[in-house]
Amino acid sequence: VQLVESGGGLVQTGGSLRLSCAASGITFTINSMGWYRQAPGKQRELVATITRDGSTNYTDSVKGRFTISRENAKNTMYLEMNSLKPEDTAVYYCNLKGTTTTWPYIALNYWGTGTLLTVSA
C-alpha cells in the first residue's frame, strides 16, 4: 500500500490550498481516511476524517475552514483548506484505516510520508 500526498507549499495568511492523497495497492476494505498534522515541537494531531459512507469529522480549530472529501473510485482523498492561519503550519499526513476482506478481518493502518504546509504571517 502506498499513500502519496501532494499539494503542500507556502501560502500567505488567509490563503487557500488543496491537499491530495492518492492511495494505491488497495486489496482490502477501506473504512476511513483522514488527515493528520504535526507542527514543529508538537505531537501529531487529527485534522479531519472521512468514513466509507462519507461521514466527516473535524478538529475544532479547522471547522468551517477545511473540507475533507473523497473520490472512492480513485481511492483519492482531498483536504480543501481556506482562511489559512500561521498556526496551520505543519506537516500534513494522510492516513488510511481498513480491514482485510476475509476472516480474521485484521485491522490495517497506513500513513503517508507527509507534505509540508507553511502559512506565512
Side-chain angles (χ1 to χ4, degrees):
V1 174
Q2 189 174 23
L3 302 179
V4 178
E5 301 104 333
S6 61
L10 175 63
V11 64
Q12 292 184 334
T13 295
S16 299
L17 210 63
R18 189 177 81 158
L19 303 181
S20 300
C21 173
S24 60
I26 305 299
T27 59
F28 49 87
T29 300
I30 297 175
N31 295 324
S32 67
M33 296 183 73
W35 290 99
Y36 290 71
R37 66 186 180 187
Q38 186 167 17
K42 295 188 177 181
Q43 289 188 329
R44 190 174 299 189
E45 65 170 355
L46 170 71
V47 176
T49 59
I50 184 166
T51 63
R52 185 173 48 188
D53 64 0
S55 298
T56 59
N57 180 56
Y58 298 91
T59 192
D60 286 345
S61 63
V62 307
K63 285 180 180 177
R65 299 189 298 122
F66 290 12
T67 302
I68 190 171
S69 61
R70 279 177 62 177
E71 284 189 73
N72 289 336
K74 296 182 179 180
N75 288 330
T76 300
M77 174 180 64
Y78 305 98
L79 186 68
E80 190 74 39
M81 303 180 292
N82 299 310
S83 302
L84 284 164
K85 305 175 182 180
E87 49 264 45
D88 294 318
T89 294
V91 176
Y92 284 72
Y93 295 92
C94 172
N95 176 257
L96 184 154
K97 291 181 171 58
T99 310
T100 53
T101 57
T102 58
W103 188 87
Y105 306 113
I106 299 170
L108 305 170
N109 190 33
Y110 295 99
W111 292 93
T113 56
T115 184
L116 176 63
L117 168 67
T118 303
V119 183
S120 62

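Both backbone and side-chain heavy atoms feed into the values below; hydrogens, waters and symmetry mates do not. Source: prediction; values computed, not measured.
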Set of residues satisfying side chain to side chain donor-acceptor pair (under 3.5 Å) with respect to Thr99, sequence neighbours excluded: Asn31
Distance in Å, Arg37 CZ paired with Leu117 CG, rounded so as to fall on 0.5 Å steps: 8.5 Å
Evaluation steps, side-chain contact (heavy atoms from CB on, under 4.5 Å), between Leu19 and Glu5: CA-CA 7 Å; Leu19 303 181; Glu5 301 104 333; over 6 Å; no
Pairwise disulfide (SG to SG under 2.5 Å) hits with a residue in residues 54-87, at least two apart: none
Value rounded to 0.5 Å, distance of NZ in Lys97 from CG in Asn109: 4.5 Å
Residue pairs passing the disulfide (SG to SG under 2.5 Å) test where at least one lies in residues 36-65, sequence neighbours excluded: none
Qualifying disulfide (SG to SG under 2.5 Å) pairs, either residue in residues 40-118, two or more places apart: Cys21-Cys94
With sequence neighbours excluded, residues passing side chain to side chain contact (heavy atoms under 4.5 Å, CB included) with Ser120: Leu10, Gln12
Backbone N/O of Tyr92 and side chain of Thr115: donor-acceptor pair under 3.5 Å: no
Interatomic spacing from OG in Ser20 to CD in Glu80 - rounded to 0.5 Å: 9.0 Å
Euclidean distance, Thr59 OG1 relative to Leu46 CG, rounded to 0.5 Å: 6.0 Å
Any Arg52 side-chain heavy atom under 4.5 Å of Thr29 side chain: yes
Pairwise distance OG(Ser32) to CG(Leu96) - rounded to 0.5 angstrom: 7.5 Å
Joint hydrophobic cluster, Ile106 plus Ile26, side-chain heavy atoms closer than 4.5 Å: yes
Rounded distance (nearest 0.5 Å) linking atom CG of Asn75 with atom CG of Leu3: 10.0 Å
Residues forming a side chain to side chain contact (heavy atoms under 4.5 Å, CB included) with Gln38, sequence neighbours excluded: Arg44, Tyr93
Disulfide (SG to SG under 2.5 Å) pairs, two or more places apart, involving residues 29-59: none
With sequence neighbours excluded, residues passing side chain to side chain contact (heavy atoms under 4.5 Å, CB included) with Ser16: Asn82
Transitive ILVMFWY side-chain link Met77 to Val4, under 4.5 Å: no
Residues that Asn57 engages under side chain to side chain donor-acceptor pair (under 3.5 Å), provided they are two or more places apart: none
Sequence neighbours excluded, every pair satisfying ring-ring contact (aromatic ring centres under 6.0 Å, His included) that has a member inside residues 6-26: none
Please list every donor-acceptor pair under 3.5 Å in which a side-chain atom of residues 63-72 meets a protein atom from a residue at least two apart or in another chain.
{"residue": "Lys63", "atom": "NZ", "partner": "Asp60", "partner atom": "OD1", "Å": "3.0"}
{"residue": "Arg65", "atom": "NE", "partner": "Ser61", "partner atom": "O", "Å": "3.4"}
{"residue": "Arg65", "atom": "NH1", "partner": "Ser83", "partner atom": "O", "Å": "2.9"}
{"residue": "Arg65", "atom": "NH1", "partner": "Asp88", "partner atom": "OD2", "Å": "2.8"}
{"residue": "Arg65", "atom": "NH2", "partner": "Ser61", "partner atom": "O", "Å": "2.9"}
{"residue": "Arg65", "atom": "NH2", "partner": "Asp88", "partner atom": "OD1", "Å": "3.0"}
{"residue": "Arg65", "atom": "NH2", "partner": "Asp88", "partner atom": "OD2", "Å": "3.4"}
{"residue": "Arg70", "atom": "NE", "partner": "Asn72", "partner atom": "OD1", "Å": "2.9"}
{"residue": "Arg70", "atom": "NH1", "partner": "Thr51", "partner atom": "O", "Å": "3.4"}
{"residue": "Arg70", "atom": "NH2", "partner": "Asn72", "partner atom": "OD1", "Å": "2.9"}
{"residue": "Glu71", "atom": "OE2", "partner": "Tyr78", "partner atom": "OH", "Å": "2.5"}

More than 12 heavy atoms of other groups within 6.0 Å of Gln43 CD: no
Residue pairs passing the ring-ring contact (aromatic ring centres under 6.0 Å, His included) test where at least one lies in residues 14-51, sequence neighbours excluded: Phe28-Tyr110, Tyr36-Trp111
Shortest non-hydrogen contact from Gly114 toward Val91: CA-CG1, 3.8 Å
